[in-house]
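Residue numbers begin at 1 in each chain, while the letters A, B, ... track the order of the sequences. Keep in mind that the numbers below use all heavy atoms, side chains included, and drop hydrogens, waters and symmetry copies.
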Amino acid sequence: TVGCVAVDGEGNLAAATSTGGLVNKMVGRIGDTPIIGAGTYANKLCAVSATGKGEAIIRGTVGREVAALMEYKGLSLNEATSYVVKECTPKFTTGVIAVSASGEVAMSYNTVGMFRACATEDGYTEVGIWAGD
Amino acid sequence: MGWAIALHGGAGDIPRSMPSNRLEPRKAALHYCLQIGVEALKAGRSPLDVVELVVCALEDNPNFNAGKGSVLTGKGTVEMEACIMDGNTKSCGAVSGVSTVKNAISLARLVMEKTPHIYLGFEGAEEFAREQGIEVVDSSHFITLENIERLKQAKEANRVQIDFTQPIHQELKDGPKGDQIG
């Protein structure tokens, strides 16, 4: 799976995700990527793209859950993504990238690794695969 | 706080022992795709344009599981999915089961912008792609030798598996449960 989330200087948000699915999946299987609120979600607070085991991500409504925690519980983007990845999906199933309207970036996963990269207007850049990269 | 962008190329049981000839092209692609997005944001492109642009670049890279390089179904075919969403309006578009559309994410955007619907799948999505004149290719375009081998390994292990997971690590003794767990 691949994905990208972006916010501009005016707080406009967008999310996109694309995938081939799972190796050896059944013909006709639908994963989380095209399911709004699961593998892909964006509103006025945040934009989210997920990767991992689609069935777990759908059950966790991962994308919408991040937005709901920000909207109703007042969590920051990082707090919301960390909570969803740690508490709402089984271990070794989920990776999430997200940005908020205020320009925060979050990249969280409970798998061994996630191919990921981010950048912000203030000059921060990160490219990594495993924890500690 | 200004603009920001994040991208991913998949998650899973990525071995730290991944050989450099497999690792370095993926790291280079992450840098390249990030740069595409950063430049587009700096140029004032909308976030919707930026995420489509970056995902197209990731789809075109055979090292990631989307577009060229998509993993294979149990029958050795390609069935790709994509989705795009605008935060301001909650407009969105999604496609599933496409096998000849070069960039599924661009088809998803057309679903969002050119139909009264949110989600098209399989034959309907393919038919819509042709109506819209979006670039299509033979499905062999998406299939790599690496993914043929991965399918073979997954079948031998009787598993379905997520991106980059090594089949031998997750083999179960009691049958094809794979990702039906959760």
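- Between the side chains of B/E81 and A/T19, no donor-acceptor pair is found at a separation under 3.5 Å.
- Inter-residue side-chain proximity for B/K75 and A/M26 is flagged as unmet; no heavy-atom pair is nearer than 4.5 Å.
- Put simply, of A/T111, A/N110, A/V7, A/L13, the one with the most heavy-atom pairs under 4.5 Å next to chain B is A/V7.
- With a 4.5 Å cut-off on side-chain heavy atoms, B/H8 and A/F115 do not count as touching.
- Atom OG of residue B/S46 and atom CG of residue A/D8 lie 8.0 Å apart, to the nearest 0.5 angstrom.
- For the pair B/W3/A/D122, no side-chain contact is recorded, criterion being any heavy-atom separation below 4.5 Å from C-beta on.
- Most heavy-atom pairs under 4.5 Å with chain B, from the set A/S49, A/G103, A/A6, A/C4: that is A/C4.
- With a 4.5 Å cut-off on side-chain heavy atoms, B/M85 and A/I36 count as touching.
- Heavy atoms of A/I30 lying under 4.5 Å from chain B belong to its backbone as well as its side chain.
- Only the side chain of A/V105 has a heavy atom closer than 4.5 Å to any heavy atom of chain B.
- Both the backbone and the side chain of A/A119 come within contact range of chain B, each with at least one heavy atom under 4.5 Å from a heavy atom of that chain.
- Without hydrogens or angle criteria, B/K27 side chain to A/G128 main chain gives no donor-acceptor distance under 3.5 Å.
- Within the 4.5 angstrom heavy-atom criterion, no atom of A/T94 approaches chain B.
- With respect to chain B, the highest number of heavy-atom pairs below 4.5 Å among A/G95, A/C118, A/P34 belongs to A/P34.
- For A/V5, the parts lying under 4.5 angstrom from a heavy atom of chain B are both the backbone and the side chain.
- Looking at A/Y41, the atoms closer than 4.5 Å to chain B (heavy atoms on both sides) sit in the backbone and in the side chain alike.
- Neither the backbone nor the side chain of A/L45 comes within contact range of chain B; no heavy atom of the residue lies under 4.5 Å from a heavy atom of that chain.
- In terms of heavy atoms, B/R159 sits closest to A/N24 at O-ND2, 2.9 Å.
- Annotation: maximal heavy-atom pairing with chain B below 4.5 Å, among A/G11, A/G20, A/A106, occurs at A/G20.
- Each of A/G3, A/A16, A/G113 has some count of heavy-atom pairs under 4.5 Å with chain B, and the biggest count is that of A/G3.
- With hydrogens and angles ignored, the 3.5 Å screen pairs no side-chain donor or acceptor of B/D86 with any backbone N or O of A/A14.
- Between B/N65 and A/V23, the closest side-chain pair of non-hydrogen atoms is not below 4.5 Å.
- We find the CG-CD1 distance between B/L30 and A/I129 to be 7.0 Å, quoted to the nearest 0.5 Å.
- Nearest heavy atoms, A/N12 versus B/N88: OD1-ND2, 2.5 Å.
- Counting heavy atoms from C-beta on, the side chains of B/L34 and A/T125 come closer than 4.5 Å.
- At a 4.5 Å heavy-atom cutoff, the contact between A/A50 and chain B is made by backbone atoms alone.
- Of the atoms belonging to A/V27, heavy atoms from both backbone and side chain fall under 4.5 Å from chain B.
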